[in-house]
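Below: the structure, in structure tokens.
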Amino acid sequence: MRRHLGIFLPLAGALLLAGAGSAHAGEPTWSAVEYESRATLEYRFARDMSEAGALEPAHSGWRRTGAVIHAYVDPEGEFTVPVCRASAGAHVGFAIGAANCPKAAAPSYVRANEVFFLAKANAAGSCGANAPVWSLRHSQDKSLVARIGVGAIAPGMGVAKSGVVWGLCAPKTSRMQRMDAARLLDQGTFGPTAATIDRVIALGGAERWIAEQLALPATRYTQYPTYYRPASGIDPTCTYTLADGTQASPAVTECARNTFGPELVQREFFWQATEGADQLRQRVAWAWSQLFVVSGMKEGMAYGMADYQQRLRDLAFSRFDELLYMVATHPMMGRMLDNLGNAKASGPRVPNENFARELLQLFTTGTVRLNPDGSTVLGADGEPVALYTQETISELARAMTGWVEAPSTPPEGRRSGNLRDAMVVNGYNHDTGSKRLFGGELVIPAGLDAETEMRRVTRFLAEHPNTAVFISKYLIQRLVTSNPSGAYIERVSGAFRNNGNGVVGDMRAVITAILLDPEARGAYRPEESYGRLRDNVQRYVGLLRAIETRNFKDGNVQLPWTMNASPFNAPTVFGFFLADYEVDVGLYGPEFNANRMSTVLDWAGRSAQLLAQDIQNWNFDPPVKGSSSVAAYVAMGGDVAGLFDHLNMTFAGGSVSPAMLGAMSSMLSSFRPWGGSASTEFVARSALFTFFNSAQYHVQR
């Protein structure tokens, strides 16, 4: 195993340097990929690898725009609108319609290179199973189309259009269908596989797959035992006698760690994320756990952590106010942000404001007023308008006083704490006076009990217009892209405000809107501002799924602390990374905040460990549970380029460029381990390592 590790690790460095390239062709008569010159603002189309190669060298000044043209000659007449690809020197444009194509072919003007055909949309303007066509008019001759693209391009997506052909459609190739399915699974699961891509296609696409996932029951965490402290000070579950005959504290014994420790929940999380059928629910619950952070560094008892994470999973698709109320009254959050035992003012003592502050700042509204598209509302002075003042935080803290642990009746002695049952109210500690929040937008009259006040607060916050925008953007960033357009945010926040039936905060509607939005669907988007860095948990579980891992529950599977990905063990309530972390001015990349060189190297080491040989053959003491297999990739090991294409299409939705794929294929094809030729098994394992450590795979598009 060490021998394999020594070969894998040096490969990683080169992969981080490969550049971008064009997309693969599909099955149409021909395809072309559009390039834009940064210097001259000209556009060119690459028809094949040789044409693309002229535009690919570093510092050439050309970059992909994302437009991919698929041409179809249709002798059966189903696609009846002619489109001509025409050129004049180095300039390429298109003409649409029978009246314009002959004009484009005039010898004195431009040359018509090819003609293909599109279909008209139906009376409702829908393309059905086909893809809509968009276009830009030529700046001089309005009969010509300077740019044309196929895909669900909606207004507000950042593609400037002077003329849009909404009534035309183009067929989707099977390759395009697989790319879109893989992209959907990248966004809504812990990693696509060939089988799950087939399932999306068999169901008929994204909408039916989402509906199927929403209907699945939640995978269950184990209900771990509580830790008792009987009068003798010795937990009968874990006793340990020292050499002098005295009893050691149960908390320091290996038994106690293996029975009550937070690692139990982490192991179960990885196993369930790898194998669970309810992938969308688990992926959304993982996003919620990174928003409503409770950490084993503050409270590590497994039974409490498992219960809290299970409730996030159970309520992942509920109304937001129900989810928020659960979070606010769960003892794990009560301990995390000090609202457990928080009492009304008495003498010099005032209520603790930690939970009140983060409930607003991190969990619901944010700190400044937001427009529906996520932009900040500015005042007359040009500065952001604050949403609330310190008075609101103080008043909110008063409204949430009086919550304590629920009583428990352990079989003997006393429990270390009831971290499983929802907190209950100690009426004596609750402030029953009137409260005024958000400058009077919410007024709570005097005399109400703590539970009624908590319901009013969580419902008000769930229905606040800022929350719709704040939470919608957060979920888009965790699932799809770190820099969604304002139109994307506005469309999703609209679904948050009203699910179509007058319900606010229906997370089923919100998640569906996120994943079905035009910015999420279709083939990948290569724009520099689009996409998100896969967090390290997503990378890790994605690889476990790729190698068909089963029953992998051992403690050795845990990710190193330096990878900033130890589930449910974040250093602070802000998690492992800041939601507003900027990688460049105005360009956000939250996950980059936790991605350092040590993280990259640790990921290379851990992925090499997983791929050096199948898990069931690991010679650890004690033996590691579980199994994995790379047999499907070994069968492809004789065709290195084909293997990398399969990995790209399956695990990155086709988004890794031909330049990087070519570099990886060339490197691996010429590699001679120990002076001899590589076996197909070695090629397969090395290809998986190389691909899953490549820079372009790490960015989900």
Side-chain angles (χ1 to χ4, degrees), residues 190 216-230 235-239 250-251 253-279 281-286 288-290 292-318 322-323 325-336 340 403-424 537 541 550-555 557-558 566-570 625-626:
F190 278 103
L216 290 177
T219 301
R220 313 305 300 176
Y221 281 104
T222 299
Q223 289 296 296
Y224 292 102
T226 55
Y227 176 62
Y228 295 110
R229 293 175 182 165
D235 190 306
T237 309
C238 291
T239 58
T253 68
E254 183 178 356
C255 170
R257 288 194 296 273
N258 291 340
T259 306
F260 307 118
E263 296 88 355
L264 297 167
V265 188
Q266 294 175 323
R267 295 178 198 174
E268 204 166 8
F269 166 82
F270 281 121
W271 166 50
Q272 294 178 348
T274 302
E275 294 191 49
D278 57 331
Q279 282 287 303
R281 183 184 293 274
Q282 290 198 46
R283 180 69 185 275
V284 173
W286 172 237
W288 288 136
S289 75
Q290 296 174 88
F292 303 120
V293 175
V294 299
S295 174
M297 297 186 70
K298 183 72 177 276
E299 177 50 69
M301 297 301 290
Y303 82 97
M305 184 64 76
D307 186 81
Y308 181 77
Q309 300 302 334
Q310 184 65 59
R311 291 175 189 269
L312 288 182
R313 191 178 284 177
D314 291 342
L315 296 173
F317 305 144
S318 68
E322 295 174 345
L323 176 63
Y325 184 83
M326 183 283 293
V327 168
T329 57
H330 200 284
M332 289 294 288
M333 181 59 76
R335 286 202 177 184
M336 182 70 188
L340 179 63
W403 293 90
V404 297
E405 282 184 6
S408 59
T409 54
E412 61 174 320
R414 63 186 182 85
R415 186 147 47 182
S416 61
N418 187 346
L419 301 176
R420 178 179 294 141
D421 300 320
M423 295 187 293
V424 296
V537 166
V541 179
R550 299 291 182 270
N551 203 36
F552 198 21
K553 305 177 184 179
D554 191 85
V557 309
Q558 300 312 303
S566 179
F568 323 136
N569 209 30
K625 300 173 185 176

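- Two residues are said to be in side-chain contact when any heavy atoms from C-beta on lie closer than 4.5 Å; V294 and F568 fail this criterion.
- The two residues G261 and A302 have their closest heavy-atom pair at O-CB, 3.2 Å.
- Among R313, R220, Q282, the one residue that satisfies the side-chain hydrogen bond (donor to acceptor under 3.5 Å, both in side chains) test with Q272 is R313.
- No donor-acceptor pair closer than 3.5 Å links the side chain of D307 to the backbone N or O of Q223.
- Atom-to-atom distance recorded for M297:CE and S566:OG is 9.5 Å, nearest 0.5 angstrom.
- A heavy-atom distance below 4.5 Å is not found between the side chains of V327 and W288.
- Although no hydrogens or angles enter the test, the distance criterion places a donor-acceptor pair under 3.5 Å between the side chain of Q310 and the main chain of T219.
- Across all non-hydrogen atoms, the minimal contact from F260 to P225 is CD2-O, 3.5 Å.
- Distance CE/M333 to CG/L419: 13.0 Å, rounded to 0.5 Å.
- Remark: Q279 CD to T274 OG1 distance equals 8.0 Å, nearest 0.5 Å.
- Between atom CE of residue M332 and atom OH of residue Y308 there is a gap of 8.5 Å, rounded to the nearest 0.5 Å.
- The shortest heavy-atom contact between A570 and S295 is O-OG, 2.6 Å.
- For the atom pair E405 CD and D421 CG, the distance stands at 10.0 Å (nearest 0.5 Å).
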Could you check M423 against L340 for side-chain contact (heavy atoms from CB on, under 4.5 Å), going step by step and ending with a plain yes or no? CA-CA 8 Å; M423 295 187 293; L340 179 63; 3.3 Å; yes
Please walk me through it: do E268 and Y224 pass side-chain contact (heavy atoms from CB on, under 4.5 Å)? CA-CA 11 Å; E268 204 166 8; Y224 292 102; 2.6 Å; yes
Full working for side-chain contact (heavy atoms from CB on, under 4.5 Å) between Q309 and Y221: CA-CA 8 Å; Q309 300 302 334; Y221 281 104; 3.7 Å; yes
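- In this structure, CG in N569 is found 7.0 Å from CE in M305, a value given to the nearest 0.5 Å.
- Here E299 pairs with R335 under the salt bridge (charged side-chain N to carboxylate O under 4.0 Å, His left out) rule; sequence neighbours left out.
- By the 4.5 Å heavy-atom criterion applied to side chains, V284 and L312 are not counted as neighbours.
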List the steps, then state whether side-chain contact (heavy atoms from CB on, under 4.5 Å) holds for W271 with N551. CA-CA 7 Å; W271 166 50; N551 203 36; 4.2 Å; yes
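- Of the possible polar contacts, one joining the N418 side chain to the R420 backbone as a donor-acceptor pair under 3.5 Å is found.
- Between W286 and F190, the two ring planes are tilted [angle within 30° to 60°].
- Of all the heavy atoms in A306 and T222, the pair that sits closest is CB-O, 3.6 Å.
- The shortest non-hydrogen separation linking P262 to G300 is CD-O, 3.0 Å.
- Annotation for A406 and A422: closest pair CB-O, 3.5 Å, computed over non-hydrogen atoms.
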